[in-house]
2 protein chains.
Amino acid sequence: MSLEHVLLAMLGTPASGYDLKAQFESGVRFFWSAEFGQIYPTLKAMQRKGWIEGRSEPSPKGPPRIVYSRTSVGTREFHAWLRGGPVMGNERFAWIAQLIHYGELHDLDATERFIDELSRKQSFVRDALADALSGVEIDHPQGDSTMDDILFHEWLALQVGLRAIQARIDWCEEVKRTIHARRERASRKVTEPNSERNGKR
Amino acid sequence: MSLEHVLLAMLGTPASGYDLKAQFESGVRFFWSAEFGQIYPTLKAMQRKGWIEGRSEPSPKGPPRIVYSRTSVGTREFHAWLRGGPVMGNERFAWIAQLIHYGELHDLDATERFIDELSRKQSFVRDALADALSGVEIDHPQGDSTMDDILFHEWLALQVGLRAIQARIDWCEEVKRTIHARRERASRKVTEPNSERNGKR
DNA sequence: ATGACCATGTAATCCGTTACATGATTCG
DNA sequence: CGAATCATGTAACGGATTACATGGTCAT
């Protein structure tokens with residue numbers, strides 16, 4: 001289970017389940033997320049395994065918090081997870097599966113709307129990532145040489161996230177132009193039916 | 001549930017559960033996949049809803065096949081799914097979560113090995129995607145103008161998949177250079193301790 | 001006092017993987 | 001004969017989402 005290891009990673013500095021959820025919402029959310037319904041039971045399971053330990057602390061607002069921290073066993077487990085090499089999940093891209101079959105609609109306008117919405121949705125994520133990245137880069141205008149190891153790796157992760165999403169957005173813009181040209185050709189075929197021959201197979 | 005809709009999309013041409021699994025293995029596998037254990041029960045559920053209907057056909061090799069095809073109800077459901085706009089799942093990238101926390105190891109060699117393996121794994125997928133794409137493009141050297149709607153959209157999907165993965169591979173290569181420079185600086189700090197002052201925060 | 005936020009938790013449900021069971025055909 | 005491929009299915013398990021329950025504080 002990867003969630004256990006992701007939480008273990010975040011518990012390098014002690015935090016409660018509530019804190020961890022908040023961290024998912026702000027920043028890590030682009031790469032991973034989880035709901036309370038999964039977080040709380042998982043933390044208990046990790047505690048049973050001896051990877052983390054929790055102590056109850058009074059909270060100024062609301063009920064007492066349970067703040068978890070990694071044990072030495074947990075730290076060893078976490079480092080083993082890192083050194084085990086990249087964990088590549090079977091990612092599922094429903095929107096690409098949709099696009100593959102969009103041709104069945106024979107409606108280029110619909111395809112364009114689809115690409116437009118895709119572009120807009122991804123731009124939101126891109127903007128958030130770009131903000132996070134520039135937050136790091138204004139503090140370190142000479143690049144990574146002034147960053148410590150922790151920040152350097154966080155910066156790398158932000159970079160690769162931004163690159164991949166920007167590549168998809170660029171592709172969206174390019175496809176819009178391709179669609180315009182294709183629609184041009186299609187309408188010319190209708191208005192001038194005595195041209196060569198239409199490309200239907 | 002997206003799997004139902006993905007199967008529905010694929011059943012534009014009739015197929016058995018076994019056929020659908022084979023389609024996942026070859027091509028669609030980069031964007032979506034499913035196991036028999038999920039495919040067969042899902043097909044039955046879709047049949048109960050009236051989205052598809054199956055008829056048993058004798059098979060030359062092995063037991064009789066159940067070939068499913070979309071009903072008109074299923075086709076309407078499928079088109080509604082397409083027109084509902086891009087379905088963006090909460091993608092989970094465990095390897096980015098790993099990378100974020102890799103700084104804790106304070107071991108640049110380990111980071112480099114991680115990036116190397118990431119690059120190699122992704123290159124496999126890239127090569128397969130590139131092959132599929134060139135298969136389309138050697139039949140259509142003038143670009144999309146000679147493709148019908150179906151092929152055009154399949155070509156778009158292959159393109160965006162390739163672009164995104166290539167962006168990540170390019171980033172890997174760039175990071176390797178960054179790491180070399182960083183290691184250079186780190187070793188110089190050790191051999192010439194009387195330089196400016198080291199960048200630890 | 002109403003709603004927003006703090007904080008933890010359980011239960012129902014669903015999605016997905018793995019393992020297993022069955023049995024026919026074909027090729028070496 | 002044994003292995004590979006064809007073909008369908010069930011059961012057990014694990015992972016993830018959603019909904020619900022509880023109850024405190026704080027600001028409007």
Side-chain angles (χ1 to χ4, degrees), chain A residues 1-8 11 14-26 28-29 31-49 52-68 81 87-94 97, chain B residues 1-8 11 14-26 28-29 31-49 52-68 81 87-94 97:
Chain A
M1 207 208 311
S2 272
L3 176 63
E4 287 188 339
H5 290 98
V6 173
L7 293 177
L8 204 48
L11 288 175
S16 69
Y18 195 85
D19 295 337
L20 293 165
K21 179 80 204 309
Q23 283 184 47
F24 281 133
E25 298 308 316
S26 71
V28 195
R29 117 202 75 133
F31 312 121
W32 200 278
S33 85
E35 306 301 319
F36 284 128
Q38 206 188 354
I39 293 171
Y40 288 119
T42 301
L43 287 170
K44 294 218 159 166
M46 290 163 73
Q47 192 174 27
R48 275 198 303 276
K49 291 192 212 182
I52 57 177
E53 51 186 22
R55 32 178 222 302
S56 186
E57 281 184 9
S59 161
K61 285 183 170 196
R65 304 157 40 77
I66 303 176
V67 177
Y68 292 95
W81 180 64
V87 175
M88 318 281 283
N90 308 351
E91 286 126 23
R92 274 168 167 85
F93 299 93
Chain B
M1 206 209 315
S2 271
L3 177 63
E4 287 188 338
H5 290 98
V6 172
L7 292 178
L8 204 49
L11 288 175
S16 69
Y18 194 84
D19 296 338
L20 293 165
K21 179 78 203 309
Q23 283 184 47
F24 281 133
E25 298 308 316
S26 71
V28 194
R29 119 203 72 137
F31 313 122
W32 199 278
S33 85
E35 306 301 320
F36 284 128
Q38 204 188 355
I39 292 172
Y40 288 120
T42 303
L43 287 170
K44 294 216 160 163
M46 291 163 73
Q47 192 175 25
R48 276 197 304 277
K49 292 191 209 179
I52 58 177
E53 52 186 23
R55 34 179 221 300
S56 186
E57 281 184 7
S59 161
K61 285 183 171 198
R65 303 156 43 77
I66 304 174
V67 177
Y68 293 94
W81 180 64
V87 175
M88 319 280 285
N90 307 354
E91 286 127 23
R92 274 166 167 86
F93 299 93

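Throughout, a chain's letter reflects where its sequence line sits, starting with A, and its residues are numbered from 1. Everything numeric in this text was worked out from a predicted model, so none of it was measured.
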Can you give each donor-acceptor pair under 3.5 Å made by side-chain atoms of residues 32-46 of chain A, sequence neighbours left out, with the distance rounded to 0.1 Å?
from, atom 1, to, atom 2, distance (Å)
A:T42, OG1, A:Q38, O, 2.6

| Between B:K49 and B:E4, what is the shortest heavy-atom contact and its length? |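 Nearest heavy atoms, B:K49 then B:E4: NZ-OE1, 2.9 Å.
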| query | Looking at CD of B:Q23 and CG of B:L7, how far apart are the two atoms once the value is rounded to the nearest 0.5 Å? | reply |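 Nearest 0.5 Å value for the CD-CG distance: 9.5 Å.
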| With sequence neighbours excluded, residues passing side chain to side chain contact (heavy atoms under 4.5 Å, CB included) with B:M88 |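 A:W95, A:L118, A:K121, A:Q122, B:P86.
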| query | Taking only residues two or more places apart in sequence, or in another chain, which ones meet A:P14 in a side chain to side chain contact (heavy atoms under 4.5 Å, CB included)? | reply |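 Partners of A:P14 by the side chain to side chain contact (heavy atoms under 4.5 Å, CB included) criterion, ordered by chain and then number, come out as A:V67, A:S69.
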Side chains of residues 15-22 of chain A: which donor-acceptor partners sit under 3.5 Å, not counting sequence neighbours?
from, atom 1, to, atom 2, distance (Å)
A:S16, OG, A:Y18, N, 3.4
A:S16, OG, A:D19, N, 3.1
A:S16, OG, A:D19, OD1, 3.4
A:S16, OG, A:D19, OD2, 3.2
A:S16, OG, A:R65, NH1, 3.4
A:D19, OD1, A:R65, NH1, 3.3
A:D19, OD2, A:S16, N, 3.0
A:D19, OD2, A:R65, NH2, 2.7
A:K21, NZ, A:E25, OE2, 3.0

| query | When you list every nucleotide of DNA chain D with an atom under 4.0 Å from a heavy atom of chain B, which one comes first 5' to 3', and which comes last? | reply |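 Reading along DNA chain D, I get D:dC6 to D:dT17.
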| task | Indicate the ring-plane relationship of A:F93 and B:F93, choosing parallel, tilted or perpendicular according to the 30° and 60° boundaries. | result |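 Plane angle between 30° and 60°, so tilted.
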| field | Residues in salt bridge (Lys or Arg N to Asp or Glu O under 4.0 Å) contact with B:K61, at least two apart in sequence or another chain | value |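 Once residues adjacent in sequence are excluded, B:K61 has no partner under the salt bridge (Lys or Arg N to Asp or Glu O under 4.0 Å) criterion.
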| task | Applying salt bridge (Lys or Arg N to Asp or Glu O under 4.0 Å), name anything that partners A:R55, two or more places apart in sequence or on another chain. | result |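 Once residues adjacent in sequence are excluded, the partners of A:R55 under the salt bridge (Lys or Arg N to Asp or Glu O under 4.0 Å) criterion are A:E57.
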Protein-nucleic acid N or O pairs under 3.5 Å, nucleotides 16-19 of chain C:
from, atom 1, to, atom 2, distance (Å)
C:dG16, OP2, B:Q38, NE2, 2.6
C:dG16, O5', B:Q38, NE2, 3.4
C:dT17, OP1, A:R92, NH1, 3.4
C:dT17, OP1, A:R92, NH2, 3.4
C:dT17, OP2, A:R92, NH2, 3.2

| Does a side-chain heavy-atom distance below 4.5 Å link B:Y68 with B:L8? |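 With C-beta onward as the side chain, the pair stays apart.
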| request: Output the residues of residues 18-26 of chain B in contact with DNA chain C, where contact means a heavy atom of the residue under 4.0 Å from an atom of the strand; sort by number or write none. | output: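 None, since no heavy atom is under 4.0 Å.
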| Near DNA chain D, which residues from residues 55-64 of chain B have a heavy atom under 4.0 Å away? |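 Listed by number, they are B:S59, B:K61, B:G62, B:P63, B:P64.
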| request: Figure out the OH/P separation between B:Y40 and C:dA21, and round it to whole Å. | output: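 Atom OH in B:Y40 sits about 18 Å away from atom P in C:dA21.
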